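Only one structure is covered here, and it is reproduced in the block below.
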Amino acid sequence: MASETITITDNRTGKAYELPIQNGTVRASDLRKIKSGPEDFGLISYDPALSNTAVCTSRITFIDGDKGILRYRGYPVEQLAEKSTFLETAYLIIKGDLPNRAHLDAWTKNITKHTMIHENIKKFMDGFRYDAHPMGILVGTLGAMSTFYPDAKNIHDLESRRVQTRRIIAKIATIAAFAYRHSMGFPYVYPDNDLSYPGNFLSMLFRMTELKYKPNPVLERALDILFILHADHEQNCSSSACRSVGSSQVDPYSAVAAATAALYGPLHGGANEAVIRMLEEIGSVKNIPDFIRRVKAGEGRLMGFGHRVYKNYDPRAKIIKKLAHEVFDVTGKNPLLDIALELERIALADDYFVSRKLYPNVDFYSGLIYQAMGFPMTMFPVLFAIPRSAGWMAQWAEMVNDPETRIVRPLQVYKGEEIRDYANMETRPEPKSSETPIAVSI
Ligand code: CMC
C-alpha cells in the first residue's frame with residue numbers, strides 16, 4: 001500500500017519534506033518544518049474562513065454534502081425526523097446513543113425539572129426595551145445565566161457539565177418564549193411541565209386566558225421535527241464560536257451565548273427570514289422569471305438556495321417541504337407557498353443553478369411554516385437556537401474532553417506599519433483616519 005504521506009518540495013530552497021497524512025488531513029503545524037532559512041518562522045497555512053481546515057475530530061454529526069447526507073451519531077436525519085422526538089434526539093447527540101425507556105424517562109424528567117427560570121432572570125429580562133429583538137434578549141440572558149450558576153465554571157466536573165446541559169436545554173425555551181412575550185407586551189407564561197418540550201414551548205408563547213393550553217398535535221409534532229432537524233450541523237459558524245470561546249475554559253453559558261450571537265447573523269440563523277422577505281418582494285408567480293433573470297445577472301441571490309457544504313438537495317429541506325403541507329392543512333396555506341414552489345421548479349431546471357449545484361437549503365421552506373404557525377420573523381433565529389443548544393452542548397463537551405484541546409489562538413499575516421517612534425502632537429503628520437465632533441446626544 002502507498003505510504004500515507006505527502007512530499008512537498010520548497011522551491012525557495014529546493015528541499016523536500018515528507019509530511020504524514022492522517023484521516024485525509026495534514027497537520028498545519030507540520031508545515032512549520034518548511035523554512036526558507038534559519039530565521040524563518042516556518043510555513044503557515046492561510047485559510048481566512050477556515051473553509052479547508054478541520055479544527056477538531058468529532059463523533060457527533062456526519063455530513064456528505066455531495067450526496068446530501070446528514071446523520072447524528074450515525075443515524076440518518078430522515079429516520080430521526082420520522083420516528084424520534086427532539087428530546088430523544090438531544091439525548092442521542094449529547095450522550096452518543098439512543099436511550100432505552102428508563103434513560104429517556106429520566107432524561108426527560110431531568111430536563112423538564114429545569115424549565116423554570118429564576119425570578120431575577122425574569123426581572124432582568126423586563127429591563128430590555130419594549131421593541132428589543134428576541135435574539136438580542138436571548139444572547140444577553142444566556143450570558144447572564146453564568147452569574148446565576150457559578151458552579152458552571154467547574155467545566156472539568158462531569159456532574160456539573162450534566163446539570164448545566166439540562167439547564168440550558170430546558171431554560172433556553174423558557175427564555176425564548178419570555179423574549180417573545182416581552183416583545184408583544186404580554187405577561188410571561190410559566191412552563192407547564194405536563195406538556196411535551198415543543199407543547200410547553202407553544203404554551204409559553206401563545207397561552208392567553210385559558211387555564212390550560214392544549215397545543216394542536218400536528219403543530220406540536222411539526223415543531224418537534226423542526227427542532228430535530230436543527231439540533232446539530234457539525235462545525236458551522238455558531239458551533240465553532242461555541243468551541244472557540246469555550247476553549248478559554250469559560251463556563252458553558254458564556255460559550256453558548258457566543259454561539260447564539262453567531263447564529264444571530266443573517267448569513268447563518270437569519271436566512272429563513274430573508275427567504276420570506278424575498279418571496280414577499282417577488283409578490284406573484286408571474287414575477288418569478290424577472291426575479292430569476294436579476295439573480296443570474298448578479299443583482300442579488302436566491303435566498304434559501306445554495307450551501308457551503310451541500311452540493312445536492314439539503315436533506316433537511318426535503319423533510320421540511322413535506323412537513324409544510326401538513327402544517328398548512330391546519331393553519332391554512334401560506335400564500336407565499338405557490339411562489340416558493342414555482343421558484344424552486346424554475347431554478348432547478350435552469351442551468352445557472354444546476355451547474356453551480358445550487359439546491360434548496362433548510363431555510364427555503366422553514367420560514368413559510370413558522371410564519372403560518374404565527375411566529376413573527378424576529379423569532380425565526382430564536383427557533384433555530386432552541387434545538388441547536390443540544391448541538392452546542394455536545395460540541396462543547398466534546399471539546400472540553402478532547403486531550404488535543406488548547407485555547408484557540410489563530411495566527412495572522414501582518415501587513416501593518418513597520419516600527420515607528422511615538423511623535424509629539426505638534427510634529428505628527430495628518431492621520432489617515434478622521435474623527436469629527438458630533439452634537440452631544442443622550
Ligand atoms: N443565488 C444565486 N447564486 C448563488 C447563490 C444563490 N443563493 N449561492 C451561490 N451562488 C453562486 C455564486 O454567485 C457563485 O457563482 P459564481 O461562481 O458565478 O461566482 C457560486 O454560486 C458559488 O457561490 P459561493 O458564494 O462561493 O458559495 P458559498 O459556499 O461561499 O456560499 C451560501 C454558501 C449559503 C452563503 C450561498 O449559497 C448563499 O448566499 N445562499 C443564500 C443564503 C442562504 O440561503 N443561506 C442559508 C444557508 S443554510 C443555513 C445554515 O446551515 O446555516
Side-chain angles (χ1 to χ4, degrees), residues 47-53 60-66 68-72 77 135 226-242 259-279 281-282 288-321 336 340 343-370 377 380-392 395:
D47 190 6
L50 297 179
S51 48
N52 193 37
T53 298
I60 303 169
T61 291
F62 172 79
I63 300 175
D64 183 328
D66 289 329
I69 292 174
L70 170 62
R71 296 183 201 134
Y72 301 151
V77 75
M135 200 61 177
L226 286 161
F227 283 174
I228 291 170
L229 298 179
H230 286 88
D232 194 53
H233 212 230
E234 51 119 303
Q235 306 313 314
N236 55 84
C237 180
S238 57
S239 300
S240 307
C242 186
T260 311
L263 190 68
Y264 198 171
L267 294 188
H268 192 2
N272 48 14
E273 175 181 343
V275 171
I276 298 294
R277 291 195 193 285
M278 172 190 76
L279 295 174
E281 188 200 314
I282 295 172
I288 293 175
D290 185 52
F291 177 78
I292 294 277
R293 187 193 51 73
R294 282 188 282 132
V295 168
K296 284 162 63 176
E299 294 169 26
R301 289 203 159 187
L302 176 47
M303 298 310 287
F305 258 66
H307 198 276
R308 175 63 63 78
V309 180
Y310 293 117
K311 300 303 168 198
N312 201 325
Y313 214 102
D314 180 337
R316 302 168 298 176
K318 263 189 208 153
I319 301 167
I320 293 176
K321 185 177 175 183
L336 297 174
L343 199 51
E344 180 190 337
R345 193 190 65 75
I346 293 180
L348 292 184
D350 189 307
D351 187 55
Y352 175 93
F353 298 93
V354 175
S355 63
R356 288 171 178 77
K357 299 188 177 170
L358 301 172
Y359 293 87
N361 61 47
V362 68
D363 292 314
F364 194 66
Y365 288 105
S366 62
L368 290 174
I369 299 186
Y370 293 145
M377 279 191 257
F380 292 3
V382 175
L383 290 158
F384 194 152
I386 293 170
R388 187 53 62 87
S389 63
W392 291 331
Q395 300 281 347

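Remember, predicted model here, so these are calculated numbers, not experimental data. Each ligand, and each atom within it, is numbered from 1 in the order the structure gives.
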Is the closest side-chain heavy-atom distance between [X] and [Y] below 4.5 Å?
{"X": "D350", "Y": "K296", "result": "yes"}
{"X": "S366", "Y": "F380", "result": "no"}
{"X": "Y359", "Y": "D314", "result": "no"}

Could you see which bit of V275 sits under 4.0 Å from ligand 1, with heavy atoms only: side chain, backbone, both or neither? neither
Those atoms of ligand 1 less than 4.0 Å from some heavy atom in [X]:
{"X": "H268", "value": "52 (O)"}
{"X": "R316", "value": "51 (O)"}
{"X": "G306", "value": "34 (C), 37 (O)"}

Purely on distance, is any nitrogen or oxygen of D363 under 3.5 Å from one on ligand 1? no
For [atom], what's the nearest protein heavy atom and its distance?
{"atom": "atom 17 (O) of ligand 1", "result": "R356 NE, 4.0 Å"}
{"atom": "atom 47 (C) of ligand 1", "result": "N361 ND2, 3.7 Å"}
{"atom": "atom 28 (P) of ligand 1", "result": "R308 NE, 3.7 Å"}
{"atom": "atom 3 (N) of ligand 1", "result": "Y352 OH, 3.2 Å"}
{"atom": "atom 40 (N) of ligand 1", "result": "F305 O, 2.9 Å"}
{"atom": "atom 24 (P) of ligand 1", "result": "R301 NH2, 4.1 Å"}
{"atom": "atom 2 (C) of ligand 1", "result": "V295 CG1, 3.5 Å"}
{"atom": "atom 7 (N) of ligand 1", "result": "L302 O, 2.7 Å"}

Can you tell me which residue among L343, I320, N272 is in a side chain to side chain contact (heavy atoms under 4.5 Å, CB included) with F364? L343
Is it the case that H268 and S238 place a side-chain donor and acceptor less than 3.5 Å from each other? yes
Between Q235 and Q395, is any side-chain donor less than 3.5 angstrom from a side-chain acceptor? yes
For Y352, is the NZ or CZ atom of R356 found under 6.0 angstrom from the centre of its six-membered ring and inside 45 degrees of the ring axis? yes
Roughly how far apart are L263 CG and M135 CE, rounded to 0.5 Å? 4.0 Å
Please determine if R277 and E273 form a salt bridge, counting it only when a charged side-chain N lies under 4.0 Å from a carboxylate O. yes
For the pair R294 and D290, find out whether any cationic side-chain nitrogen is under 4.0 Å from an anionic carboxylate oxygen. yes
Heavy-atom nearest option to atom 44 (O) of ligand 1, drawn from A274, G304, A271: G304
Less than 4.0 Å between atom 26 (O) of ligand 1 and some protein heavy atom, yes or no? no
